[in-house]
2 protein chains.
Amino acid sequence: MPRTPGTPEGKRPTLADVAARAGVSVALVSIVMRGAKGAGAATRERVLEAAREIGYRPDARARLLRSNRSRLLGVQFGLQQPFHTDLVEGLYAAAEPVGYQIALSAVAPSRGERHAVEALLGDRCEALILLGPQAPAARLAELAAQLPVVSVARRLRPAVPGVDVIRTDDDEGARRAVDHLVALGHRDIVHIDGGRAPGAADRRRGYRTAMNRHGLADRARVLPGGLTEEDGAAAARTLLGDDPRPTAVVAFNDRCATGVLDAFLRARVPVPDEISVVGFDDSHLARLAHIDLTTVGQDIRRLADLAVGRAVARLEGEPTPDGESSGKETVIAPHLVTRSTTAPPRNTP
Amino acid sequence: MPRTPGTPEGKRPTLADVAARAGVSVALVSIVMRGAKGAGAATRERVLEAAREIGYRPDARARLLRSNRSRLLGVQFGLQQPFHTDLVEGLYAAAEPVGYQIALSAVAPSRGERHAVEALLGDRCEALILLGPQAPAARLAELAAQLPVVSVARRLRPAVPGVDVIRTDDDEGARRAVDHLVALGHRDIVHIDGGRAPGAADRRRGYRTAMNRHGLADRARVLPGGLTEEDGAAAARTLLGDDPRPTAVVAFNDRCATGVLDAFLRARVPVPDEISVVGFDDSHLARLAHIDLTTVGQDIRRLADLAVGRAVARLEGEPTPDGESSGKETVIAPHLVTRSTTAPPRNTP
DNA sequence: GGACGTCACTAGAACGTTCTAGAGCCCGAG
DNA sequence: CTCGGGCTCTAGAACGTTCTAGTGACGTCC
């Protein structure tokens, strides 16, 4: 087995090993490895060479232990949620340029939020970025007392002190979906909601507001849904039984919309000819050529950038302007992505 | 802001703080916190009480730094791959009872495997569990020289010294799919493959073997596919153009199969009446009521258990039996999950 | 020619744990 | 009574880093 020669078997090389080999002090090696100033060019090269030779790799933990900064952002996300995984990718990208690392902790059926957060805290993360957290406000407040907490995609009403919120304007998103459909000529527009999921209440409200605004209050109808394909399909089956069927559906999210699409397809109800469908999230799913779903896009890249930005701002000074730290909410405007699942209703008056 | 009183603002409590409060030595607190023996019942209670009062939480990093064990298993996975996320959940579950933690590092378009692994190594993981790694064998060998490496779902031919492999018998899986279809009466069975994806070659081979075995060698046909819905849909569209259409399709995985299903649905080709479809993985997707896909199930729970088991075995002794450590391969048998996308062909002779 | 800067480098103390020795105590066996 | 052995507990040294406070050596400025 290829093992670097000169290194005691099984023990990974440390600063001291590099220092010995390069004939300098440990402190100087530390300086070189960090790229800090205070080392001559020639020595620097010599140290780097020595490090390369024995395969030195800095020990992140020891490093963090000493410098009381871990430069670690803890991210809690749902393993099965496409929107979350997209977001995680954005977070990685956003954290690197500002010199932070991401520590991931997944929430899954067998692993609750509590567990996930405990792991992150044990890892000495400096701040927490929680994607769509379900924890009660009190718990979030408790966490915020210990370290900066950013909630992404979960609105907090009333605001929780110390918890920043980054979210898409769900309300506005649902309104845009309705506006789009109305502009196409639809009047019987139904909403399949997301139940108690984060953002669901806002989207419901946005839908109602828009319907009212267009004088369609009496036609507004909200069907209980959820965030999986299954929920969407179930709701769609309900719609299939209706006699004057609605001509358009605004679904809670893309997964839900996909379920709707599928149910219609199976029932031989052509989309968008007989019924239009709008999703929410603009996830990978929606973009697949064969689905090509009209949807409300959340600016994932921006959400991620802002989440990291807020956390970092809290960490690096930002001298808690008023009072203590009130918990700032940043709302991003969504945008409608028009694809092929929406069209004017068949019998436009 | 609620802050634990008695603690210096902004600094998290340490063993020393607990010790001071409980009036004992630091070492004793350490003993109590670890649940090690060597502390009296009364003192133990008193220490725990003190810890609770000031909100003490052990510092994982310092802990690991000292005891040269990190008890950390580094897991590399693809953010967008349902099969991987399912597996990750299983890994969490498998690691906990044996006293190990999981450190996650995601691979995404913007974040290559190299990057992901570097992060894990920096975190001082004791072993690496790589889900469907694409890295060249040489790279894996290099890693294996430093620490135990387990490759899940990627076969290594020839075996890489020091790298254990845990995988499903892809070959057998594809054979079972074909057997099932043949038993139903199908003869024109096409395979939509996974290109260069891990496992694809084996599934292709299994398909061919089974076709031969049933005397259908001349009807065997492999269409280039891939691992996304899009790939499946594209291949399905090709099939739609055929005049004597095949009566059954074995897709590389569930996502691919879903794409196939969708394309057929849109073309008004009823499944399974006119054509049967089999997937691979038995992912969440396949189980959705409205998809209800016949598929080849991989025993995810078992794969996860074994992966953790192999890593731990390497770590805890297992005195490298023969020679050095040859790299052990464990192959799990897949099972066919019959759902509603397969049926006898319409015109059974 | 002394005071002062700057530059390259170093010694040694942190950081928050765990671990190794060993100290003090009480109890029962001889 | 003494000895050994078990308990409970403690002091202090690790672990691999970074940071603070230097030490010399060499210029530069009046």
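Keep in mind that this is a model prediction, so the values were computed, not measured. So that the names make sense, note that chain A is the first sequence line, chain B the second, and so on, each numbered from 1.
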Practice task
Have a look at B/Ser30 and say if it touches a base, only the backbone sugar-phosphate, or nothing, with a 4.0 Å heavy-atom cut-off.
Solution key: base
Exercise for the section: Please state whether the phosphate of C/dC19, meaning OP1 or OP2, lies under 4.0 angstrom from any side-chain nitrogen or oxygen of B/Arg66. Expected result: no
Completion exercise
Between CG of B/Asp59 and P of C/dT18 the distance, given in whole Å, is 10 Å
Handout entry: Nucleotide of C/dA11, C/dG16, D/dT8 approaching A/Leu65 most closely (side-chain heavy atoms)
Key = C/dG16
Handout entry: Distance in angstrom units between B/Asp17 CG and C/dG16 P, rounded
Key = 8 Å
Practice task
Using a heavy-atom cut-off of under 4.0 Å over every strand shown, decide if A/Arg124 touches base, sugar-phosphate, or nothing.
Solution key: sugar-phosphate
Handout entry: Side-chain N,O (A/Ser67) to OP1/OP2 (D/dC19) below 4.0 Å
Key = no
Practice task
Starting from P on C/dC7, measure out to NZ on A/Lys37 and report it in whole angstrom.
Solution key: 7 Å
Exercise for the section: Show your working on side-chain contact (heavy atoms from CB on, under 4.5 Å) between A/Val150 and A/Leu73 and close with a plain yes or no. Expected result: CA-CA 10 Å; A/Val150 179; A/Leu73 303 177; over 6 Å; no
Problem - Taking every non-hydrogen atom, the tightest pair across B/Pro58 and B/Arg63 - result: CB-NH2, 2.9 Å
Fill in the blank from the handout: note: B/Arg12, atom CZ; C/dG16, atom P; distance rounded to Å ~ 9 Å
Handout entry: Passing option when A/Leu128 is tested against A/Leu140, A/Leu120, A/Val75, A/Val163 for side-chain contact (heavy atoms from CB on, under 4.5 Å)
Key = A/Leu120
Handout entry: Expected output: side-chain A/Arg154 to main-chain A/Ala135 donor-acceptor under 3.5 Å
Key = yes
Exercise for the section: Whole angstrom is fine here: how far is it from CD1 in A/Ile31 over to P in D/dT17? Expected result: 15 Å
Handout entry: Interatomic distance, B/Leu15 CG vs D/dT10 P [rounded to whole Å]
Key = 13 Å
Handout entry: Among D/dT8, D/dT17, D/dT10, the nucleotide that comes nearest once only the side chain of B/Val24 is considered
Key = D/dT10
Problem - Separation of atom CG in B/Leu28 from atom C1' in C/dG24, rounded to whole Å - result: 15 Å
Practice task
Give one of base, sugar-phosphate or nothing for A/Ala39, where a contact means two heavy atoms less than 4.0 Å apart.
Solution key: sugar-phosphate
Problem - Atom-to-atom span, CZ of A/Arg44 to P of C/dA8 - whole angstrom - result: 9 Å
Practice task
Give one of base, sugar-phosphate or nothing for B/Gly38, where a contact means two heavy atoms less than 4.0 Å apart.
Solution key: base
Problem - Closest to the B/Val26 side chain, choosing from C/dT17, D/dT10, D/dT8 - result: C/dT17
Problem - Side chain of A/Arg34 (C-beta onward), nearest among C/dT10, C/dC15, D/dC19 - result: D/dC19
Exercise for the section: Return the minimal non-hydrogen interatomic distance between B/Ala144 and B/Pro161, and the atom names on each side. Expected result: CB-O, 3.7 Å
